[in-house]
Amino acid sequence: MQTKSTVLTKEERDILILGAIHPRGKHLSNSEISQRLGISVSRVKTLIHQACVKLEAHNRIEAIFFAMKRGEISLNEVYSMDELAEILGSLSPDMLRRIAHLVRQELEYGHLPGKDEQIISTDRRQATTLTQRERDVIILAGRGLTNVEIADRLYISISAVRTFLNRACTKLGARRRSDAVVLALKQREIGVGEITSIDEVVQGLAPLGAESLEKMAQLRNRKLGQEPTPTGG
């Protein structure tokens, strides 16, 4: 359970949410964030630093990613429904319904009745762009590991980790590691279940509501050709 000193303030959350917005494919700068919130750039930098300390992140982008994984920023505050549908594209309709059921429990009880150890089954593309090593590095980055921790886990050098990350970013069209993780999910190079637990997914998706998730499941069914598309208005 998080202690009070590690919980983000509303100001820190607002800064990170704006920092995650990417109009025209480019993240908002500190100057643009300061203009939107009507505060100084130095104040923006201070709040980002405070958030990084609390989240044990090395930079703003990493802080945004960790805040989403920790449930302090909900996914729908950062991504549109279409983007979420892309990110969750590796989940089967049955798994989406399972998550919708758990979201209902989360909303009813205020917490999950118990830890769900079920593995999140995901469906990756058969022909992938990334090599296995590049996938391994992106997956571990998606779990929040630093380059040093990834190197230790894979028994490779830190420079090799950087090389694999750079190659993956180039192939995916990403500028940063956090963008690479999201794009790898969207392009089904990796699956959601490879970087997070079902409990973390439920916590992140709870703000969407069970009905939205069930709608996503129906859309996935239609895309897979398992249900006829309804006619009429």
Side-chain angles (χ1 to χ4, degrees), residues 20 65-132 134-145 168 172 174 178-233:
F65 190 68
F66 289 172
M68 286 192 288
K69 285 208 69 172
R70 226 167 71 166
E72 295 224 38
I73 294 177
S74 60
L75 295 175
N76 63 317
E77 290 178 294
V78 176
Y79 301 111
S80 67
M81 287 296 289
D82 288 340
E83 287 176 315
L84 282 173
E86 283 186 275
I87 292 170
L88 298 174
S90 63
L91 297 180
S92 69
D94 286 344
M95 181 53 65
L96 282 170
R97 291 192 183 96
R98 170 66 177 158
I99 293 170
H101 171 71
L102 291 172
V103 163
R104 278 203 175 88
Q105 289 184 305
E106 170 85 16
L107 296 175
E108 182 177 351
Y109 297 107
H111 60 84
L112 289 176
K115 287 288 183 182
D116 194 314
E117 301 299 330
Q118 181 178 343
I119 300 297
I120 303 178
S121 58
T122 56
D123 176 29
R124 287 196 300 109
R125 281 172 28 190
Q126 293 300 311
T128 60
T129 301
L130 303 181
T131 65
Q132 184 58 51
E134 290 162 356
R135 284 191 67 257
D136 291 340
V137 170
I138 289 295
I139 288 168
L140 292 177
R143 293 177 186 172
L145 274 65
L172 295 165
S178 56
D179 293 333
V181 173
V182 173
L183 286 171
L185 286 168
K186 285 183 177 182
Q187 297 172 27
R188 290 173 60 195
E189 292 283 341
I190 63 175
V192 173
E194 293 178 290
I195 66 171
T196 189
S197 69
I198 194 168
D199 293 294
E200 288 174 325
V201 170
V202 170
Q203 187 177 27
L205 295 179
L208 294 177
E211 289 184 4
S212 293
L213 292 171
E214 286 169 350
K215 184 176 180 180
M216 283 187 189
Q218 291 172 0
L219 292 173
R220 283 286 291 147
N221 264 329
R222 291 171 195 157
K223 189 173 182 179
L224 294 171
Q226 294 175 3
E227 281 184 1
T229 304
T231 57

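In this structure A100 satisfies the side-chain contact (heavy atoms from CB on, under 4.5 Å) test together with A210, L213, E214, sequence neighbours excluded.
The CD atom of E134 sits 12.5 Å away from the CD1 atom of I190 when rounded to the nearest 0.5 Å. Rounding to the nearest 0.5 Å gives a distance of 11.5 Å between OG1 of T129 and CG of L183. Put simply, CZ on R97 and CG on L102 are 14.5 Å apart, with the number rounded to the nearest 0.5 Å. Of the inter-residue distances, the one linking I138 atom CD1 with L185 atom CG reads 9.5 Å to the nearest 0.5 angstrom.
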Checking L130 against L172 for the side chain to side chain contact (heavy atoms under 4.5 Å, CB included) test, could you report, in this order, the C-alpha distance in whole Å, the side-chain angles of both residues, the deciding distance, and whether it holds? CA-CA 8 Å; L130 303 181; L172 295 165; 4.2 Å; yes
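The main-chain N or O of E194 is found under 3.5 Å from a side-chain atom of R143 such that the two form a donor-acceptor pair.
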